[in-house]
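Only a predicted model underlies this, so the values are computations on that prediction, with no experimental measurement involved. Residue indices begin at 1 and follow the sequence shown. Heavy-atom basis, side chains included; hydrogens, waters and symmetry copies ignored.
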Amino acid sequence: MGAVAALALSAGLALAGPGEAGHSHRSFAAGEPGDPKKPVARTIEVSMLETEDAKMLFEPNKVEIKRGEQVKFVLKNTGKVDHEFMLDSVQNNAKHKVAMEQNPDMEHDDPNGKRLAPSAFNEIVWRFTKAGTFEFACLIPGHYESGMKGTVVVK
C-alpha cells in the first residue's frame with residue numbers, strides 16, 4: 001500500500017487513487033447515516049446551481065440542526081453542469097478535494113454524499129450525533145473555489 005493510501009486509511013477515510021474506480025468512507029465526522037425507516041425531524045431542500053456571474057452555490061448555504069436530529073436532505077441540481085453534495089468536516093472535505101483534483105471522474109458510494117447530473121435529484125437521510133460545525137461542499141474541481149460550499153451547525 002502506498003504512503004498516501006496508508007495515510008488516508010489511518011485517518012479513517014479511504015480515498016481513491018488514480019486508476020481506482022471509487023472510494024468509500026469508513027467513519028464520518030458529521031454523524032452517521034440515518035435510518036430511512038425512522039421518522040425524520042425535518043426535510044431540508046438544497047438546490048445546486050450556477051449564477052450568471054460564474055458563481056456556483058448551494059441554496060441554502062447554512063442550516064442549523066439539533067444534536068441527535070435525523071434529517072432528510074432533498075438534493076436538486078437546478079444547474080447546467082454536474083454537482084455534488086459531500087457532508088463532512090472541513091478537514092475531511094479538504095482531503096477529498098485533493099483526491100478529486102487527481103481523479104475528477106471519481107465514482108462515489110458514500111452515504112454522506114451524492115453526485116448529480118443537471119436536472120437530477122436525490123436524497124440523503126442523516127443523523128447528526130455530534131455537536132459542531134460541519135461543511136457540505138461540491139468537490140468537483142473548480143466548484144468549491146467558485147463558492148459551492150455550505151455550513152451545518154449542530155447544537
Side-chain angles (χ1 to χ4, degrees), residues 1 3-17 20-49 56-79 82-104 106-117 120-141 143-155:
M1 181 180 312
V4 173
L7 178 62
L9 286 172
S10 70
L13 180 70
L15 298 176
E20 292 184 38
H23 72 279
S24 64
H25 291 270
R26 303 229 188 270
S27 65
F28 304 97
E32 62 190 34
D35 183 347
K37 295 176 185 168
K38 293 185 177 179
V40 294
R42 63 186 158 135
T43 298
I44 301 169
E45 291 190 12
V46 179
S47 294
M48 306 170 180
L49 59 127
M56 297 182 177
L57 50 96
F58 292 103
E59 288 182 347
N61 67 357
K62 182 176 183 179
V63 295
E64 291 188 7
I65 308 286
K66 292 179 186 170
R67 184 172 173 242
E69 192 172 41
Q70 177 168 284
V71 300
K72 180 193 303 183
F73 290 99
V74 176
L75 310 171
K76 298 178 181 180
N77 184 349
T78 59
D82 283 9
H83 291 297
E84 69 176 18
F85 176 98
M86 292 302 297
L87 174 65
D88 212 328
S89 67
V90 173
Q91 297 81 8
N92 285 348
N93 272 344
K95 291 175 189 174
H96 187 146
K97 184 175 169 295
V98 170
M100 288 288 293
E101 289 166 357
Q102 296 170 352
N103 190 1
M106 180 186 303
E107 294 180 24
H108 296 84
D109 183 22
D110 303 311
N112 66 321
K114 302 289 181 195
R115 186 171 182 147
L116 299 175
F121 66 94
N122 209 325
E123 298 178 351
I124 293 176
V125 177
W126 197 259
R127 195 163 81 85
F128 289 90
T129 58
K130 303 170 187 174
T133 300
F134 305 99
E135 177 181 67
F136 53 94
C138 181
L139 303 175
I140 296 171
H143 294 210
Y144 189 90
E145 296 80 4
S146 296
M148 202 154 191
K149 58 189 168 193
T151 304
V152 177
V153 178
V154 182
K155 297 180 177 181

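- Counting heavy atoms from C-beta outward, E123 and T43 have side chains that stay 4.5 Å or more apart.
- The two atoms that bring P39 and Q70 nearest to each other are O-NE2, 3.5 Å, heavy atoms only.
- Rounded to the nearest 0.5 angstrom, K76 NZ and N122 CG are separated by 12.5 Å.
- In plain terms, the two heavy atoms of V125 and V40 that are nearest each other are CG1-CG1, 4.2 Å.
- In this structure the side chain of K66 never reaches within 4.5 angstrom of the side chain of R42, judged on heavy atoms.
- Distance alone, capped at 3.5 Å, is enough to place a donor-acceptor pair between the T78 side chain and the M48 backbone.
- Taking NE2 of H83 as the reference point, atom CG of L116 lies at 9.5 Å (rounded to 0.5 Å).
- From K97, atom NZ reaches atom CD of Q102 across 11.5 Å, with rounding to the nearest 0.5 Å.
- Two residues are said to be in side-chain contact when any heavy atoms from C-beta on lie closer than 4.5 Å; L87 and F128 meet this criterion.
- Not counting sequence neighbours, the partners of K62 by the side chain to side chain contact (heavy atoms under 4.5 Å, CB included) test are E64, T151, V153.
- Y144 is linked by a ring pair (Phe, Tyr, Trp, His ring centres under 6.0 Å) to nothing, counting only residues two or more places apart in sequence or in another chain.
- Note: R115 CZ to D110 CG = 12.5 Å, rounded to the nearest 0.5 Å.
- T129 approaches G31 most closely through the heavy-atom pair OG1-CA, 3.3 Å.
- Between the CG atom of N77 and the CZ atom of F121 there is a distance of 12.5 Å, given to the nearest 0.5 Å.
- Taking the ring pair (Phe, Tyr, Trp, His ring centres under 6.0 Å) definition, one finds that F136 meets it with F58, F85, sequence neighbours left out.
- Side-chain atoms of V154 and K130, non-hydrogen and from C-beta on, never get closer than 4.5 Å to each other.
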Next on the checklist: Using salt bridge (charged side-chain N to carboxylate O under 4.0 Å, His left out), reason through K149 and E135 one step at a time and then give a plain yes or no.
Outcome noted: CA-CA 7 Å; K149 58 189 168 193; E135 177 181 67; 5.7 Å; no
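- Scanning all heavy atoms of the two residues, the minimum distance from A117 to D82 falls at CA-OD1, 3.2 Å.
- Of all heavy-atom pairs between D88 and A30, the closest is CA-CB, 4.5 Å.
- Residues satisfying the side chain to side chain contact (heavy atoms under 4.5 Å, CB included) test with L57, not counting sequence neighbours, are L49, T51, E59.
- No more than 12 heavy atoms of other residues, nucleotides or ligands sit less than 6.0 Å from atom CZ of R67.
- Residue pairs meeting the salt bridge (charged side-chain N to carboxylate O under 4.0 Å, His left out) criterion with at least one member in residues 29-41, sequence neighbours excluded, are E32-R127.
- The salt bridge (Lys or Arg N to Asp or Glu O under 4.0 Å) search around K114 returns none, not counting sequence neighbours.
- Between I44 and I65 there is a side-chain heavy-atom pair separated by less than 4.5 Å.
- Heavy-atom minimum distance, C138 versus H143: SG-ND1, 3.2 Å.
- Taking CG of N92 as the reference point, atom CE of M86 lies at 9.5 Å (rounded to 0.5 Å).
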